[in-house]
There are 4 protein chains.
Amino acid sequence: MFIRINPRSSTPLYEQVMEQVKELIAKGILESGEQLPSVRDLASQIVLNPNTVSKAYKELERNGVIVTIRGKGTFVADASDRKLDLKQLEQLRQQLQRLVIEATYAGIKKEELTQWIEEEFQTLKGEGDRNAD
Amino acid sequence: MFIRINPRSSTPLYEQVMEQVKELIAKGILESGEQLPSVRDLASQIVLNPNTVSKAYKELERNGVIVTIRGKGTFVADASDRKLDLKQLEQLRQQLQRLVIEATYAGIKKEELTQWIEEEFQTLKGEGDRNAD
Amino acid sequence: MFIRINPRSSTPLYEQVMEQVKELIAKGILESGEQLPSVRDLASQIVLNPNTVSKAYKELERNGVIVTIRGKGTFVADASDRKLDLKQLEQLRQQLQRLVIEATYAGIKKEELTQWIEEEFQTLKGEGDRNAD
Amino acid sequence: MFIRINPRSSTPLYEQVMEQVKELIAKGILESGEQLPSVRDLASQIVLNPNTVSKAYKELERNGVIVTIRGKGTFVADASDRKLDLKQLEQLRQQLQRLVIEATYAGIKKEELTQWIEEEFQTLKGEGDRNAD
DNA sequence: GTGGTCTAGACCACT
DNA sequence: GTGGTCTAGACCACG
């Protein structure tokens, strides 16, 4: 797993791990049922304390992104197991509102923003396809 | 100024203030050159520690959103004074990437997301127009 | 023996086996003196490591629920052989206290809870009768 | 707050803290809006590491039992804020099933069990009343 | 002073 | 070997 942590960023290390794992799954580089590196392995790979990685894994499990089986390891959850409640949708919507406001500050037009989204979706899909080859 | 703070949210109080001020400006409810309430006034209005409001104002000034003039007060900055460096653009782009990933997890399609953006821009513009009447 | 294991549950696999064996006995589906499948057989049936099944059997024997006779196999113990010391009673009582507290949090009234117990006892008895036919 | 921890119990320390806080709230000894001791205070009171207490508090917040406000402290949540989803009800029901099975093993009759429940509810209410005096 | 994050290192239960 | 729990002690952001 290619995970890169920026220890100087203000976003917590465990959140950075969460984001990148989610990204790998969204891109299809990690597939359902696939085993993730063990807490200790990943911790030594990215030079983090095992507790920090463990915290990231536990949060991801709570989000239904991964599943951990005691004594065996942690695995990517089935897509069907993912949770999507109303609160999350609202949060997403609120994030988007903030983003739109910031964008207007930066002088970014609606067309430009939708173009960006188009590109991001392409990137996700593209990397997944490359992986599938 | 209509600002509502949620003390139980996990986002810092001063950031909530910043977001809402930015929102009011983006909507055109606060216009360039308009005076903002003093730190004390705003603090007592929304029942917050003046230090917290002060921190929000300072951060907003650092971003070039507002300007404080000694002995006169704080005012909404001219749109031309806003700073938009490359770092901010990158951050915006990264936020959007995260949002797209989260959206795919929530099963939201590209079309739906662009539709949302359309709506958010309409909301901004709409409230601004209403205010301009 | 119809035993279903959920490897993703947080309760240990061996405890799940224990619970289900106890349930089968409580329902009268397994009767005193009846032979249980061998560790190997049960392990292959429910796709578990034999060590895990073995641990469950050992624990059940420690509780006096089953007995293993060297060279013959393991059998359901006589009801008279079951051990019920004071510690277990206290534990039971404590579990019930926790359950009552959780129930009040869930807004469940006393009458509802006693009704539930009524139903659980009926279920136990009912399945036993069906099996006795 | 009178919290007693048993370091030799097999149930995790942080769960013991959770249970006892819930108990105090259920009994009405801690009321809605009331402030809990700080993480450090409680930790030194019951001779635990602050991290352990913090973990308990965070879990309790996730359950909607308490609310923490950054920089101010943690408080008992409003009863209306408590979450009660279907999964929790199912879990409760399953716990009760196990309890009934264990009870039959211990030779406890239905009437006895319902009597116990009656007593537990009385205890909860009783301590609350005593506190209200 | 409050809680949140992180590290280092230890022990335990489960498979 | 796996993850889960716990301690000790440090630093930081928030109010």
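Small disclaimer: the values here were computed from a predicted structure and weren't measured.
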Subject >> Flag if over 12 foreign heavy atoms under 6.0 Å of CZ, C:Arg40 >> reply: no
Original post:
Is it true that atom CD of D:Gln94 has more than 12 heavy atoms of other residues, nucleotides or ligands lying nearer than 6.0 Å?
Top reply: no
Quickly work out the [X] [atom1] to [N] [atom2] distance and round it to whole Å.
X	N	atom1	atom2	answer
D:Leu36	E:dG1	CG	C1'	16 Å
A:Glu61	F:dG3	CD	P	11 Å
A:Arg62	F:dG4	CZ	C1'	13 Å
C:Asn6	E:dC14	CG	P	16 Å
D:Tyr57	E:dT5	OH	C1'	19 Å
C:Arg8	E:dT15	CZ	P	16 Å
A:Met18	E:dT5	CE	C1'	14 Å
A:Ile5	E:dT5	CD1	P	15 Å

Is there a side-chain contact between [X] and [Y], using heavy atoms and a 4.5 Å cut-off?
X	Y	value
B:Thr74	B:Gln35	no
B:Ile3	B:Ile5	yes
C:Leu42	C:Tyr57	yes

**OP:** May I ask you to verify if any side-chain N or O of D:Ser54 is less than 4.0 angstrom from the OP1 or OP2 atom of E:dG3?
**Re:** no
Subject >> Phosphate OP1/OP2 of E:dT2 contacted by D:Ser38 side-chain N/O (<4.0 Å) >> reply: yes
**OP:** Would you classify A:Thr74 as touching base, sugar-phosphate or nothing, given that sugar-phosphate means primed atoms plus P, OP1 and OP2, and contacts are heavy atoms under 4.0 Å?
**Re:** sugar-phosphate
Original post:
Could you go step by step and tell me if D:Glu34 and D:Phe75 meet the side chain to side chain contact (heavy atoms under 4.5 Å, CB included) rule?
Top reply: CA-CA 5 Å; D:Glu34 197 173 339; D:Phe75 305 82; over 6 Å; no
**OP:** Decide whether D:Gln88 and C:Glu102 meet the rule of one side-chain donor and one side-chain acceptor closer than 3.5 Å.
**Re:** no
**OP:** Identify all stems in which DNA chain F takes part, counting only runs of at least 3 consecutive pairs (Watson-Crick or G-U wobble, each distance under 3.5 Å), and give each as one range with another, ordered by first number.
**Re:** E:1-14 with F:1-14
Original post:
Can you check side chain to side chain donor-acceptor pair (under 3.5 Å) on D:Gln95 and C:Gln95, steps first, answer last?
Top reply: CA-CA 9 Å; D:Gln95 280 176 28; C:Gln95 280 176 29; over 6 Å; no
Original post:
What does nucleotides 8-15 of chain F look like as a protein-contact string, B for base, S for sugar-phosphate only, - for none, at under 4.0 angstrom between heavy atoms?
Top reply: BB----BS
**OP:** Could you tell me whether the side chain of A:Glu19 and the main chain of B:Arg98 form a donor-acceptor pair under 3.5 Å?
**Re:** no
